[in-house]
Amino acid sequence: GVEVGPQPQGVIRADILEKMRKIVRHGLDFVQLFNKGQEFPPCTIEVYKIMEKVDYPRNKNDEVIAIIHPKLQDQDWQPLNKGDPLFLTLDGEVIEYKGDNTVYPAFINEAAYYEKKHAFVKTVKVKLTAELLRSQT
């Protein structure tokens, strides 16, 4: 499957649709070349690995007491460092990121994850290496 976004629920965006079409075309091109016997050399790629789901701050009644900080909003895949703002309480207090390592938040304030109690997910960059690949036909 291919998930391309972010995109609000119930909305079709031309730019997101074109990105989806492009990645599907690349996938189909790869399959066709692989089936023709083309050899693909080893390669390394950086990817983001989900490490933790982060909920909104809540009170003892499980009610949300803070929203995504404006400086974090729309910053998916950007580095988040210790001391950077995460949330803003309804009283105006800034809640900072306290982690010791840089993370890359994703799915920040996504409507589809609100009911699942996910304000965002923390990801880390990792490198994946693929060996030489060729069809065995």
Side-chain angles (χ1 to χ4, degrees):
V2 176
E3 181 179 345
V4 181
Q7 177 170 284
Q9 295 172 322
V11 173
I12 299 174
R13 289 182 39 172
D15 60 332
I16 301 298
L17 180 61
E18 184 53 34
K19 287 178 183 180
M20 183 273 305
R21 286 179 171 158
K22 185 176 181 179
I23 198 160
V24 169
R25 280 193 303 267
H26 283 305
L28 293 172
D29 289 345
F30 169 81
V31 170
Q32 184 177 25
L33 292 170
F34 180 80
N35 287 340
K36 287 182 177 179
Q38 180 167 332
E39 183 175 285
F40 295 89
C43 65
T44 301
I45 185 172
E46 275 190 342
V47 298
Y48 296 90
K49 179 180 179 182
I50 294 176
M51 302 303 291
E52 178 184 357
K53 296 170 184 168
V54 178
D55 190 9
Y56 295 88
R58 295 177 182 271
N59 64 18
K60 63 182 179 203
N61 296 324
D62 203 34
E63 299 166 325
V64 173
I65 59 168
I67 58 175
I68 295 294
H69 193 281
K71 289 186 178 177
L72 180 61
Q73 185 65 51
D74 301 321
Q75 296 302 307
D76 294 76
W77 315 113
Q78 299 304 309
L80 181 67
N81 299 295
K82 186 174 187 171
D84 288 346
L86 282 181
F87 297 103
L88 186 62
T89 69
L90 302 178
D91 296 331
E93 177 188 340
V94 174
I95 299 173
E96 298 177 342
Y97 175 58
K98 293 178 177 27
D100 291 325
N101 300 320
T102 298
V103 295
Y104 299 83
F107 311 117
I108 301 168
N109 206 22
E110 288 279 339
Y113 298 114
Y114 184 80
E115 67 185 32
K116 296 177 182 177
K117 298 183 177 183
H118 298 169
F120 62 91
V121 295
K122 289 183 194 176
T123 71
V124 294
K125 278 188 187 181
V126 296
K127 288 187 179 184
L128 297 180
T129 300
E131 303 298 323
L132 175 84
L133 182 64
R134 74 176 134 222
S135 175
Q136 298 297 320
T137 58

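Everything numeric here is computed off the predicted structure, so don't read it as measured data.
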Check your understanding: Under 3.5 Å, is there a donor-acceptor pair between the side chain of N35 and the main chain of Q32?
Key -> no
Review point. Roughly how far apart are K122 NZ and K53 NZ, rounded to 0.5 Å?
Key: 14.0 Å
**Study point:** Cluster link L128 to W77, ILVMFWY, side chain under 4.5 Å
**Key:** no
Check your understanding: Just how far is it from atom CZ of R21 to atom CD1 of I16, taken to the nearest 0.5 Å?
Key -> 13.0 Å
Revision key, fill the gap. Rounded to the nearest 0.5 Å, the CG atom of L90 sits from the CG atom of N59 at a distance of 10.0 Å
Check your understanding: Are V126 and I50 connected, step by step, through hydrophobic side chains (Ile, Leu, Val, Met, Phe, Trp, Tyr) whose heavy atoms are closer than 4.5 Å?
Key -> no
Practice item. State, with a plain yes or no, whether a side-chain heavy atom of K49 is found less than 4.5 Å away from one of T123. Key: no
Revision key, fill the gap. Heavy-atom closest pair (S135 atom, G37 atom, distance to 0.1 Å) is CB-CA, 4.3 Å
Point to revise | Full working for side-chain contact (heavy atoms from CB on, under 4.5 Å) between Y104 and D76 | key: CA-CA 7 Å; Y104 299 83; D76 294 76; over 6 Å; no
Practice item. Please collect all salt bridge (charged side-chain N to carboxylate O under 4.0 Å, His left out) contacts where either partner lies in residues 92-105, sequence neighbours excluded, each pair once. Key: K82-D100
Exercise for review: Determine, step by step, whether K125 and Y48 satisfy the side-chain contact (heavy atoms from CB on, under 4.5 Å) criterion, reporting the C-alpha distance in whole Å, the side-chain angles of both residues, the deciding distance to 0.1 Å, and the verdict.
Suggested key: CA-CA 5 Å; K125 278 188 187 181; Y48 296 90; 3.4 Å; yes
Point to revise | Heavy-atom check, side chain of L86 versus side chain of L80, under 4.5 Å | key: yes
Exercise for review: Determine whether I68 and F107 fall in the same hydrophobic cluster, where Ile, Leu, Val, Met, Phe, Trp and Tyr are linked whenever their side-chain heavy atoms lie under 4.5 Å apart.
Suggested key: no
**Study point:** Steps toward salt bridge (Lys or Arg N to Asp or Glu O under 4.0 Å) verdict (R25, E18)
**Key:** CA-CA 10 Å; R25 280 193 303 267; E18 184 53 34; 3.2 Å; yes
Practice item. For I45, look at atom CD1 and say whether over 12 heavy atoms of other residues, nucleotides or ligands are found less than 6.0 Å away. Key: no
Point to revise | Y113 side chain near V121 side chain, heavy-atom distance below 4.5 Å | key: no
Review point. Which value, rounded to the nearest 0.5 Å, describes the distance between F120 atom CZ and E110 atom CD?
Key: 13.0 Å
Check your understanding: Among T89, I108, V94, I95, which residue meets the side chain to side chain contact (heavy atoms under 4.5 Å, CB included) test with H69?
Key -> V94
Exercise for review: Just grab all the salt bridge (charged side-chain N to carboxylate O under 4.0 Å, His left out) pairs involving residues 58-67, residues at least two apart or on different chains.
Suggested key: D55-R58, R58-D62, D62-K117
Check your understanding: Can you find a heavy atom in the side chain of Y97 that is under 4.5 Å from one in the side chain of L72?
Key -> no
**Study point:** Exceeds 12 heavy-atom contacts within 6.0 angstrom, atom CD1 of I12
**Key:** no
**Study point:** Euclidean distance, Q78 CD relative to T102 OG1, rounded to 0.5 Å
**Key:** 12.5 Å
Check your understanding: Mind checking whether Y56 and F87 have parallel, tilted or perpendicular rings, split at 30° and 60°?
Key -> tilted
Revision key, fill the gap. Separation between NZ (K71) and CG (L88), nearest 0.5 Å, reads 11.0 Å
Check your understanding: Is the closest side-chain heavy-atom distance between F34 and D29 below 4.5 Å?
Key -> no
Point to revise | For E39, all residues meeting side chain to side chain donor-acceptor pair (under 3.5 Å), sequence neighbours excluded | key: R134
